[in-house]
Amino acid sequence: MCGIIGYAGRREALPILLDGLKRLEYRGYDSAGVAIVGSALQVAKDKGFIADLEAHLPAMHGTTGLAHTRWATHGAPSKVNAHPHTDCTGKIALAHNGIIENYSGLRERLEEQGHVFRTETDTESLVHLIEAHYRGDLEAAVREALQEVRGSYAIAVVHADEPGRVIGARNESPLVVGLAPDETFLASDVPALLKHTDKVVYVMDKEMVVLTPEGAALRDLQGKTVQREPQRITWNLEDAEKGGFEHFMLKEIHETPKAIQETLLGRLANLEVDGFRAEDFGSVKLVACGTSYHAALVGKYIIEEIAKVPASAELASEYRYTQGAADRPLVILLSQSGETADTLGAAREARRRGCKTLAITNVTGSSLARETDKTIYTRAGLEIGVAATKTFVAQLIVLYLIALRMGLDRGTLGYEEAERLKDELRSLPRAALAVLDEEDAIRDLAASYGKEARDAYYLGRHVNYPVAMEGALKLKEISYVHAEAYAAGELKHGPLALITKDTPIIAIAVDDPTYEKMRSNLGEVAARGARILAVGTEGDRELPKYVDDVIPVPRLPWVFSPVPVSVALMLFAYHAARLRGCPIDKPRNLAKSVTVE
Ligand code: F6R
């Protein structure tokens with residue numbers, strides 16, 4: 001969580017830092033701050049969005065600096081708790097993403113030594129610790145301080161007496177360095193750098209970096225030089241702009257067909273999925289958080305149906321605390337960002353249990369890609385809206401590819417059947433596009449069902465039960481409507497008590513193995529007076545007899561139906577939230593990348 005950026009160059013640092021910081025705002029937006037080294041150290045911070053900070057900034061001049069946008073963990077979101085934090089001398093400023101786990105012990109000791117703390121944050125202990133070690137060399141002081149720190153961090157540090165230098169370090173929180181002639185940058189994520197350079201070096205755990213206008217020097221925590229070749233980034237600045245859409249979320253929903261196409265590109269003909277082969281494992285365990293967990297749940301159906309391999313899904317935050325099965329499944333970890341702390345923890349636990357691990361992530365060079373045996377990339381492009389959209393669908397596409405490969409490798413899927421499924425996969429961008437063409441009608445339905453609702457219930461069965469869960473998550477996180485998903489067959493075992501004429505029902509009733517049963521469940525709901533909006537298969541003449549309205553999606557073999565259905569539910573949630581006037585790309589209390597457990 002939180003976004004940090006640092007700059008050492010020859011231009012005025014402030015506009016560069018603010019522009020970069022805005023491109024990291026998806027990582028947290030409850031407060032923000034900036035520190036510039038000019039003739040002295042100048043610090044400004046405020047509660048709220050970066051725009052609030054910018055509106056009240058004094059003139060700040062200097063060519064070295066750092067900035068931070070916060071998602072609070074320790075200490076309420078407030079001006080005083082906002083980063084950067086400074087030491088007692090007011091000469092050192094520090095921005096931090098992560099959690100210093102042993103902060104209270106450090107704080108106690110430093111207070112005994114006379115350091116004066118002003119905030120409730122874990123981070124402040126680190127800046128005082130650096131001060132305690134400072135003897136005229138910031139790099140050495142940071143290095144010594146970090147030996148005493150337990151926890152996760154990506155930091156940027158400057159000192160008033162050392163203009164032209166920014167010290168960075170990382171452990172379990174992302175940090176990337178940008179290289180350009182006469183200037184260097186560091187940031188939590190690539191979008192902050194795209195305007196200035198496509199040449200980057202990823203900082204790894206327990207490494208430090210010293211930025212100067214001339215370049216960036218990487219070292220380990222013992223001070224030993226680390227050599228690492230820079231990489232070229234393929235995302236461009238346009239990817240980080242809204243491109244005429246009102247919100248990133250809408251732009252990204254519209255990019256779903258492209259995300260599918262790109263993720264399939266070059267992989268279908270020979271089913272060459274980044275060298276993946278089904279090795280000697282008896283089962284598959286899919287592990288993830290949030291939206292990626294819903295993709296994992298869909299993945300269970302995909303893998304069992306196509307490859308006939310037993311599969312199960314588990315939340316990453318729970319996986320670590322359960323007993324491993326004796327049979328050592330292949331553990332597939334899904335994470336858009338590749339930085340989710342719970343998922344990284346699960347990856348480590350899976351390896352500790354002796355399991356082979358496979359990552360599915362959208363971010364090249366992310367921590368998850370480094371912590372697993374093998375990585376398959378979704379190629380959805382940059383996703384900035386806090387609510388995951390196109391990347392969810394791209395995760396499903398990778399799961400289809402994996403299932404096909406597994407089925408062929410194990411002989412559970414015949415060649416002809418595989419060819420037929422491949423053709424269906426090729427048709428998915430068109431299917432997603434067909435749903436996008438229904439946007440106007442979906443917006444009207446969102447006005448009718450979602451604008452005034454206080455609660456909404458999503459119903460699905462079988463492969464579309466997790467899709468209903470994902471639909472409900474989208475609605476609740478961006479529109480703040482209380483939304484729950486139920487497996488429709490479970491309704492009569494309790495939740496039916498909640499259904500009244502005022503509770504809109506959003507049901508997935510496409511042509512899948514439970515369609516008939518689903519229709520009976522909808523009858524039970526209709527009998528309680530609820531209004532029902534169904535996502536159904538186009539051309540289905542029976543369904544309208546059971547429900548009030550239908551969003552039609554193209555007819556596909558059931559295993560692929562989650563793709564168009566998801567697009568319909570994303571659009572529904574988006575328009576409901578928009579009509580309610582919600583801050584769609586920055587929902588309250590959330591952040592895109594959750595790097596704390
Ligand atoms: C919801 C959403 C979150 C993420 C979750 C995991 O729209 O985006 O639930 O899915 O925080 O993030 P990743 O996939 O980056 O591990």
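All ligand and atom numbering here is 1-based and tracks the order in the structure. Because the structure is predicted, anything quoted here is derived from the model rather than measured.
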Ligand-side contact atoms (ligand 1) for residue partner [X], heavy atom cut-off under 4.0 Å:
X	value
Val386	8 (O)
Gly290	9 (O), 10 (O)
Ser292	10 (O), 13 (P), 14 (O)
Ser335	13 (P), 14 (O), 15 (O), 16 (O)
Glu477	1 (C), 7 (O)
Lys474	1 (C), 7 (O)

Can you check whether His247 and Tyr574 have ring centres sitting under 6.0 Å from each other? yes
Any side-chain donor near an acceptor of the partner, Glu470 and Thr291, under 3.5 Å: yes
Test: Lys47 and Asp30 ion pair at under 4.0 Å: no
Carboxylate-amine/guanidinium proximity below 4.0 Å for Glu25 and Lys22: no
Could you check whether the rings of Phe185 and His196 sit parallel, tilted or perpendicular, using 30° and 60° as the cut-offs?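 Plane angle under 30°, so parallel.
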Counting heavy atoms under 4.0 Å, the part of Glu339 that contacts ligand 1 is neither
For ligand 1, does Thr391 get within less than 4.0 Å through its side chain, its backbone, both, or neither, judged by non-hydrogen atoms? neither
Contact check: Thr340 vs ligand 1, nitrogen or oxygen atoms, below 3.5 angstrom: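 Yes; at least one N/O pair falls below 3.5 Å.
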Would you check the N or O atoms of Ala388, main chain and side chain alike, for any that come under 3.5 Å of an N or O of ligand 1? yes
Which value, rounded to the nearest 0.5 Å, describes the distance between [X] atom [atom1] and [Y] atom [atom2]?
X	Y	atom1	atom2	result
Ile253	Lys474	CD1	NZ	9.0 Å
Ile302	Phe560	CD1	CZ	8.0 Å
Glu262	Ile397	CD	CD1	12.5 Å

Regarding atom 2 (C) of ligand 1: of the candidates Thr291, Val363, Ile360, which has the closest heavy atom?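 Comparing heavy atoms across Thr291, Val363, Ile360, the nearest one to atom 2 (C) of ligand 1 lies in Thr291.
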Counting heavy atoms only, which of Ala387, Ala316, Ser337, Ala573 comes nearest to atom 15 (O) of ligand 1? Ser337
